[in-house]
Peer 1: 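Let me begin by handing over the structure; questions about it come next.
Every chain is numbered from 1, with letters handed out A, B, ... down the list of sequences.
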Protein chains: 4
Amino acid sequence: MILRIDFDSEVPIYVQIKNQVIEGIARGEIEGDEELPSVRVLAEDIGVNMHTVNKAYTMLKEEGYIKIDRRKGAIVSLNLDQSMNRFKEDLNENLYYYMAQCYNRGLSKDEIKDYIDKVFLDFNKE
Amino acid sequence: MILRIDFDSEVPIYVQIKNQVIEGIARGEIEGDEELPSVRVLAEDIGVNMHTVNKAYTMLKEEGYIKIDRRKGAIVSLNLDQSMNRFKEDLNENLYYYMAQCYNRGLSKDEIKDYIDKVFLDFNKE
Amino acid sequence: MILRIDFDSEVPIYVQIKNQVIEGIARGEIEGDEELPSVRVLAEDIGVNMHTVNKAYTMLKEEGYIKIDRRKGAIVSLNLDQSMNRFKEDLNENLYYYMAQCYNRGLSKDEIKDYIDKVFLDFNKE
Amino acid sequence: MILRIDFDSEVPIYVQIKNQVIEGIARGEIEGDEELPSVRVLAEDIGVNMHTVNKAYTMLKEEGYIKIDRRKGAIVSLNLDQSMNRFKEDLNENLYYYMAQCYNRGLSKDEIKDYIDKVFLDFNKE
DNA sequence: GTGGTCTAGACCACG
DNA sequence: GTGGTCTAGACCACA
């Protein structure tokens, strides 16, 4: 799996890393029990500091996507129930805001639903 | 229309103001050609710094939601075509990320679509 | 309130800071809605790096002891219900271990209970 | 006696081993003069490195729980007086911190004492 | 080898 | 003024 970091983005680098790992898991590019590269290796690969990668991994751990194993490093291991409530609150708030913008701009429900269908094909393909 | 600011939130106050105005427009609580309260009045109302409200208004103008008139203050005036491309990029990126999370957490397309239907009822009611 | 840091301790400095703030709150030395010193000021005071204090504050926030306000910095604000389960698990595990040691060393239940009574006097005194 | 190692825990493995042996002694599952499994065998059993078990045994020896005999291996042999002062300091410090948390969270002295009673039943049963 | 901690110093966003 | 992010480089504990 290849991470593409936009250094000019307003989105913090560690958030970009975290989000792309989550997207990679959804697409099946990263599987359960798979080991992520070590913080140092990944940092080297994408040309950022070790601490930046470390922060991304720490957040992935807190959100229940990975476990940190002293022997093997970071391992994908989904334990998402614990953070389900926080996620739903965040999702509702953000979806509401984006839907409001869509409505104001004349994008219809159906266009959005079509997009969602398209995205889910990306996730179900294997 | 009432703005509810969460001072404990990680979302910057000016973003909260901006977003709630956009949501208010979608719900029909704020209509076209309606004047928004002056920067000074709104700042006083919600207990924040004048500059903070000013920043929110400036962004609303940049996104094409309002016009700033030296005599009348801020007037709702939708001119959203100019920012359509930027919006779509942002929407696609964020929806993709949220859908990835939904997929990982076992939320189905249909649940999301139901939520979208529910939200749009909020917007079409007038 | 004065923090005493033991730089030779195996306990990380940020943990020492976090724990002493929690103890200060229990003793009533730090009250609700009270502002903690800024990360830079406290770091200067106790002679550590800003980031170390920042990490302590971030953990206090995550455990529900303080809120971070963009305007005022860190404010004591108890919201401990959310982390109650995690706390109880941790407490049970650790108490069990310490009680096992007490039993092995011949310390009686009553001695421990007396110590607990003594400690709680420290907390109820105001 | 069965050791349960949590490889996902933040508690180092050798500490988990050490603590569980101490708890096993308190519960009477391991008795005085009993031989512990050899470093090699135990390491094999729980699937960890030999050095890790060795470190746990060394600490148990330092705390006065076992003796290392070149012929027989590790033998339970309590000699806890030497480490009593260190233990009491550690106990006081940690109990104080945990009691502070209990007080902040509204857990009463009596609830804690009840828990202690319950735990001691585990130890006195033989 | 791994991650965890700490330092020193920089820049930026927010209010 | 505040905290948030990032870098560079160091040392340590763990396995």
Peer 1: Expressed as a whole number of angstroms, how long is the span from A:Ile68:CD1 to F:dA15:P?
Peer 2: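 In whole Å, F:dA15 P lies 14 Å from A:Ile68 CD1.
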Peer 1: With a 4.0 Å cut-off on heavy atoms, is D:Val48 in touch with a base, just the backbone sugar-phosphate, or nothing at all?
Peer 2: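 Nothing, no nucleic acid heavy atom in range.
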Peer 1: Send over the distance from C:Arg70 CZ to E:dC14 C1', rounded to a whole Å.
Peer 2: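 Rounding to the nearest Å, CZ of C:Arg70 and C1' of E:dC14 are 6 Å apart.
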Peer 1: How long is the gap from NZ on A:Lys72 to CD on A:Glu35, to the nearest 0.5 Å?
Peer 2: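 That separation rounds to 6.0 Å.
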Peer 1: Measure CG/C:Asp69 against P/F:dG1 and give the value in whole Å, please.
Peer 2: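 So the two atoms are 18 Å apart, to the nearest Å.
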Peer 1: Mapping B:Thr52 and C:Gly47 to their closest nucleotides on DNA chain E, which lands nearer the 5' end?
Peer 2: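 The residue mapped nearer the 5' terminus is C:Gly47.
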Peer 1: Using the closest heavy atom to pick a nucleotide of DNA chain E for each, name whichever of B:Val11 or C:Arg40 lands nearer the 5' end.
Peer 2: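 Looking at the nearest nucleotide for each, C:Arg40 comes out on the 5' side.
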Peer 1: For F:dA15, does OP1 or OP2 lie under 4.0 Å from any side-chain N or O of D:Tyr14?
Peer 2: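 For D:Tyr14, the contact criterion (side-chain N or O under 4.0 Å from OP1 or OP2 of F:dA15) is not met.
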Peer 1: Roughly how many Å is it from CD in C:Glu35 to P in F:dG1, rounded to a whole number?
Peer 2: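 Roughly 15 Å, once rounded to whole Å.
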Peer 1: Indicate the atoms forming the closest heavy-atom contact of D:Ile30 with D:Met1, along with that distance.
Peer 2: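 What the structure gives for the nearest pair is CD1-SD, 3.2 Å.
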Peer 1: Considering only NZ, NE, NH1 and NH2 on the basic side and carboxylate oxygens on the acidic side, decide whether C:Lys61 and B:Glu10 come within less than 4.0 Å.
Peer 2: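 Looking at C:Lys61 and B:Glu10, the cut-off is met.
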Peer 1: Output yes when at least one side-chain N/O atom of A:Asn54 is less than 4.0 Å from OP1 or OP2 of E:dG4, else no.
Peer 2: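 Yes, such a contact exists.
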Peer 1: In whole angstrom, what separates C:Ile13's CD1 from E:dG4's P?
Peer 2: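 Roughly 17 Å, once rounded to whole Å.
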Peer 1: Nearest to the side chain of C:Ser38, which nucleotide is it out of F:dA15, F:dT2, F:dT7?
Peer 2: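 Of F:dA15, F:dT2, F:dT7, F:dT2 is nearest to the side chain of C:Ser38.
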Peer 1: Hey, does D:Lys55 reach any base, or is it just sugar-phosphate, or nothing, if we go heavy atoms under 4.0 Å?
Peer 2: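 Sugar-phosphate, no base atom in range.
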Peer 1: Let me know the distance between CD1 of C:Ile75 and P of E:dG15, rounded to the nearest Å.
Peer 2: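 Result: 14 Å.
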Peer 1: Kindly indicate whether the side chain of C:His51 and the base of F:dG4 share any N or O donor-acceptor pair separated by less than 3.5 Å?
Peer 2: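 Answer is no: no donor-acceptor pair is held.
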Peer 1: Give the rounded distance in Å between these two atoms: NZ of C:Lys18 and P of E:dC6.
Peer 2: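 Computing the C:Lys18:NZ to E:dC6:P distance gives 13 Å.
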Peer 1: So does A:Lys67 have more than 12 non-hydrogen atoms from other groups sitting under 6.0 Å from NZ?
Peer 2: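 No, because the 6.0 Å sphere around NZ of A:Lys67 holds 12 heavy atoms or fewer from other groups.
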Peer 1: Check whether A:Asn104 reaches the backbone of B:Ile22 with its side chain - one donor and one acceptor, N or O, closer than 3.5 Å.
Peer 2: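 Answer holds: yes.
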Peer 1: Can you tell me the Watson-Crick or wobble partner of E:dC14, both distances under 3.5 angstrom?
Peer 2: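 Across any shown strand, E:dC14 pairs with F:dG1.
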Peer 1: Return the value, rounded to whole Å, for the distance between atom NZ of C:Lys61 and atom C1' of F:dG3.
Peer 2: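 Taking NZ of C:Lys61 and C1' of F:dG3, I get 10 Å after rounding.
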Peer 1: Take C:Thr58 and A:Phe7, find for each the nucleotide of DNA chain F with the closest heavy atom, and name the residue whose nucleotide sits nearer the 5' end.
Peer 2: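 Its nearest nucleotide lies further toward 5', so the answer is C:Thr58.
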Peer 1: Of C:Met50 and C:Lys72, whose closest DNA chain F nucleotide lies nearer the 5' terminus?
Peer 2: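 Its nucleotide being nearer the 5' end, the pick is C:Lys72.
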